[in-house]
Amino acid sequence: IAASMVSNAPPDGPSMTLLTAGYASGAAGGKFPFDGDNTFGFLTMVCAYPFIYAVPKDSPIQSFADLLARAKANPGRLTYVITSLGSIYHLIGSWVGSKAGVDMVPVPYRGSAAAVTDVMTGRVDVMLDTATSGFPRVTSGQFRALAVTSPTRYPLLPDAPTVAETLPGVHYMSWLGMATAPRTPRPIVDRLNAEIHRALELPEIQAKLKEGGNIGTPTTPEAMRQQIADEIANWKEIIKVNDIKVN
């Protein structure tokens, strides 16, 4: 609703929205419109964070390779948490499964509290979560990180291996980014871009992002639009190949 309001707002700058990476996966599944610069006046990416495959600290699953080996030996038996069918969680899990040649079962949850409880008690095997949510559970020792989806070792969790170390080419960073109304004049776009970049340089902002498992990733408006377009194309292919039904 908020994104629709901004997409249809007067192109004068004050109306902005913080888009999430779920916008790209939603657009790929037909839930949201995307027509390049006609959808939004893209401003800049703000921050990024990987997804984490995590298990309780006493789980018998010892590593990401161990997880895949168990899944291969027990097709359709191992389960992992997602938010909903067709969500970005589901798409990442399906991408990993198809690349590894394993069949793990996604279990949808409406909220993280019930999901965490079920993983902790063994009703579900694995937590597939964002760093922003899962990072505190790993650093507190409640969960062990099996792998992160960042292209290289994530600086805020350097001991966790990447998914790509086991499955080359499978990597993904989720994100937040700012957008305004389409057809907003370029001088206004440039001013908003510069002010957001300036804010992201402030030490207190960087510290707050790090606390939540984020890293700042300011970009140009063009880079933001292109990244979203590329992600939509990738998710469309994964939806098609895995015959994913989108809620």
Side-chain angles (χ1 to χ4, degrees), residues 1-52 87-89 91-92 130-135 148-157 162 171-236:
I1 294 172
S4 177
M5 288 175 65
V6 172
S7 183
N8 292 286
D12 51 6
S15 297
M16 290 180 282
T17 183
L18 186 68
L19 294 174
T20 73
Y23 170 72
S25 60
K31 293 172 66 177
F32 307 126
F34 178 77
D35 184 19
D37 290 328
N38 294 317
T39 313
F40 290 106
F42 295 104
L43 298 175
T44 178
M45 289 297 187
V46 172
C47 60
Y49 46 90
F51 275 71
I52 301 177
S87 67
I88 197 165
Y89 297 73
L91 298 185
I92 290 171
T130 62
T132 50
S133 177
F135 186 76
V148 293
T149 62
S150 48
T152 58
R153 293 283 178 115
Y154 192 51
L156 302 184
L157 208 63
T162 66
H171 54 80
Y172 177 73
M173 290 287 282
S174 195
W175 51 265
L176 299 174
M178 294 293 294
T180 188
R183 296 174 295 282
T184 297
R186 186 66 194 216
I188 296 177
V189 168
D190 288 343
R191 174 68 187 277
L192 292 171
N193 175 278
E195 295 296 343
I196 296 168
H197 282 217
R198 190 171 293 113
L200 289 171
E201 293 172 358
L202 297 173
E204 60 267 35
I205 297 296
Q206 293 182 2
K208 199 67 178 177
L209 289 173
K210 183 177 179 181
E211 181 183 313
N214 295 275
I215 53 175
T217 54
T219 65
T220 64
E222 290 77 15
M224 180 182 180
R225 178 181 55 76
Q226 188 60 54
Q227 180 179 332
I228 292 173
D230 291 344
E231 287 185 13
I232 290 172
N234 183 50
W235 295 139
K236 280 183 175 180

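We count residues from 1, following the sequence as given.
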Original post:
Does some side-chain heavy atom of M16 sit less than 4.5 Å from a side-chain heavy atom of L192?
Top reply: yes
Original post:
Between D12 and I188, which heavy-atom pair has the shortest distance, and what is it?
Top reply: O-CD1, 3.7 Å
Original post:
Are F34 and I228 close enough that some pair of their side-chain heavy atoms sits under 4.5 Å apart?
Top reply: yes
Original post:
Under 30°, 30 to 60°, or over 60°: which ring-plane class applies to W235 and Y172, parallel, tilted or perpendicular?
Top reply: perpendicular
Original post:
Salt bridge between E201 and R198, side-chain N to carboxylate O under 4.0 Å?
Top reply: no
Original post:
Which residue pairs pass the side chain to side chain donor-acceptor pair (under 3.5 Å) test with at least one member in residues 177-189, sequence neighbours excluded?
Top reply: R186-D190, R186-E222
Original post:
Who are the ring-ring contact (aromatic ring centres under 6.0 Å, His included) partners of F42, not counting sequence neighbours?
Top reply: F40
**OP:** Mind listing the closest non-hydrogen atom pair of V46 and L200 along with its distance?
**Re:** O-CD1, 3.6 Å
**OP:** Locate the shortest heavy-atom distance separating W175 from Q227; write the atom from each residue and the value.
**Re:** CD1-NE2, 3.5 Å
Subject >> Nearest heavy atoms of P50 and M173, plus distance in Å >> reply: N-SD, 3.7 Å
Subject >> By side-chain hydrogen bond (donor to acceptor under 3.5 Å, both in side chains) - contacts of S7 (at least two apart) >> reply: none
Original post:
For S25 and G22, which heavy atoms make the closest approach, and how far apart are they?
Top reply: OG-O, 3.2 Å
Subject >> Non-hydrogen atoms of V6 and A179 that approach each other most closely >> reply: CG1-O, 4.1 Å
**OP:** Please check if atom CZ in R191 has more than 12 non-hydrogen atoms from other residues, nucleotides or ligands closer than 6.0 Å.
**Re:** no
